[in-house]
Amino acid sequence: MLWKNIKGLVGAYDSPPSRLRGSEMADFPLLENAWLAIDSGKIADFGPMETFPGIVDWTGLDVVDCEGRYVLPSWCDSHTHLVFAAPRSHEFMSRLEGKTYQQIADEGGGILNSARALQLMPEDQLFEEALVRLQHAMQAGTGAIEIKSGYGLDDEAELKMLRIIQRLKEAVPIPVRRTFLACHAVPEGNWTATTWTRHVAEHLLPRVQKEKLADYVDAFCEKGYFGLEEVSTLLEAASKEGLAAKVHVNQFNAFGGVKLCTNLDALTVDHLEVLEPEDLEALKSSSNTRTMACALPGCSYFLGIPYTPVRELIKADVAVALATDFNPGSAPSSNMERIVQLAILKMKMLPLEAIAAATLNGAAAMEVSDQAGVIAPGRAANVLVTKPMEGLEGFGYDFGESSVEKVFIDGVEV
Ligand code: NIG
Ligand code: FE
């Protein structure tokens, strides 16, 4: 396939960087008036129209005119809870009637609600329903995804979730990364945050590792969930097992979790709706951290909580990723385009910054940079084609519409 007259080819590199920090994000490449060649499901080459290849053999060549359209790498969604048993729209109703997300959780709802339902649902049914959700996300342009456990909250149910994630990984042609969300909420029964974390570190984590079911561990570092002590126990145990961490932190309260995560070399800190100067300091690249920030504006939008101060992170030269946080409680949407739109409209990200955060940096936030997040020769042709657009600001400006017209995975239209 040869695509010509592309209005703007976004995120195309000969040799892509592994991540973009701070001001580099606004310089995500935009090649105007370009062509792109796709062969056997892979990106073959690209260039400006002035170098449009003189074609010798036209047989079997499909030339597509992309006049007015942009071509982008497909979305890389580095934070989801896509495996769950049931929606929680009744909790949403309670919120409309005046309760807060935290009040609902304190009354035994929230994550505990999802866990009760998940423990009861057979593995095959959970898998089938999650697969439908995953395919839906792919149709909307997601070309790489991370999926967490964390609604099991007992050994067997957590392992069940991780096996389902493994089956999902095998069922789809896009990269899937698996996260053991070991400390999501304190399980019902006689557990405390401390005893559950110790149990995870000593018993469950070794089982997860023995079955090779996870790429990362995760914890919800938050008041009423898991504190610094527990998060550090988990991350240290995981590190001994060779697993890096992606951590839910600073969603409602800041109490030193970010610094703990950067000190323990977490790959990402996610949420950061609350961000104190010491958190920012810990994340500054000058402090030599590899830890990236991951903003989840769908959660802010849906819960009506503050948005992650992304402009401050960018000013501090931090690498920022954007993800959906797709889950039934705080962000029931898997649509990455909507996330980019919120990032532009609500967090004042420039279109190219938001797109870089949702593609190249999203890939970095789950270590699939060698497979996804950019358009580069030899890579899988996982790309999006937009509708005719005035400019990339249309991702924010046309807020009632989808700007994506076609989605390709391995060069095949989805
Ligand atoms: O990222 N904050 C913790 N975990 C999820 C929400 C979990 C839920 O409400 O089911 C999140 O927002
Ligand atoms: Fe989450």
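Both counts, for ligands and for their atoms, begin at 1 and track the order of listing.
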| field | ligand 1 atoms in contact with Gly329 (distance to a heavy atom under 4.0 Å) | value | 9 (O)

| What's the shortest distance from atom 12 (O) of ligand 1 to any protein heavy atom, and which residue and atom give it? | Ser330 OG, 2.6 Å

| field | Protein N, O or S atoms lying under 2.8 Å from the Fe ion (ligand 2), listed by chain and number | value | His79 NE2, His81 NE2, His248 NE2, Asp325 OD1

| How close does the nearest protein non-hydrogen atom get to atom 9 (O) of ligand 1, and which residue and atom is it? | Tyr101 OH, 2.4 Å

| query | Under 4.0 Å from any heavy atom of His248, which atoms of ligand 1 are there? | reply | 1 (O), 2 (N), 3 (C), 4 (N), 11 (C)

| message | Polar contacts were defined as any N/O atom of the residue lying under 3.5 Å from an N/O atom of the ligand; does this apply to Ser114 and ligand 1? | response | no

| field | Asp218/Lys246 ion pair, N-O < 4.0 Å | value | no

| request: Please identify which atoms of ligand 1 are closer than 4.0 Å to at least one heavy atom of His79. | output: 1 (O)

| Check ion pair Glu390-Lys7 (N to O, under 4.0 angstrom) | no

| message | Could you walk me through whether Thr324 and Asp77 satisfy the side-chain hydrogen bond (donor to acceptor under 3.5 Å, both in side chains) test, starting with their C-alpha distance in whole Å, then the side-chain angles of each, then the deciding distance to 0.1 Å, before giving a yes or no? | response | CA-CA 6 Å; Thr324 60; Asp77 189 356; 2.6 Å; yes

| field | Any donor-acceptor N or O pair under 3.5 Å, side chains His81, Asp325 | value | yes

| remark: for atom 2 (N) of ligand 1, nearest protein heavy atom and its distance come out as Gln251 OE1, 2.7 Å

| message | Does only the side chain of Glu222 get under 4.0 Å from ligand 1, or the backbone, or both, or neither? Count heavy atoms. | response | neither

| note | protein heavy-atom neighbour closest to atom 10 (O) of ligand 1 works out as Tyr151 OH, 2.6 Å

| query | Would Lys99 and Asp106 pass as an ion pair if we require N to O under 4.0 Å? | reply | no

| Options Asn327, Ile305, Asp325, ranked by nearest heavy atom to atom 1 (O) of ligand 1, top entry | Asp325

| Pair Tyr101 and Phe92, ring centroids less than 6.0 Å apart | no

| remark: the protein heavy atom lying closest to atom 4 (N) of ligand 1 turns out to be His184 NE2, 2.8 Å

| query | Quick one: is the NZ or CZ of Arg338 closer than 6.0 Å to the six-membered ring centre of Phe395, and within 45° of its axis? | reply | no

| Heavy-atom distance under 4.5 Å between the side chains of Pro187 and Asp154, does that happen here? | no

| Does a side-chain N-to-carboxylate-O contact under 4.0 Å join Arg290 and Glu367? | yes

| query | What do the steps show when you test Leu72 against Leu9 for side chain to side chain contact (heavy atoms under 4.5 Å, CB included), and what is the final call? | reply | CA-CA 6 Å; Leu72 282 67; Leu9 182 63; over 6 Å; no

| query | What's the verdict on side-chain hydrogen bond (donor to acceptor under 3.5 Å, both in side chains) for Asn250 and Glu273, showing C-alpha distance, side-chain angles and the deciding distance? | reply | CA-CA 6 Å; Asn250 286 35; Glu273 288 87 343; over 6 Å; no

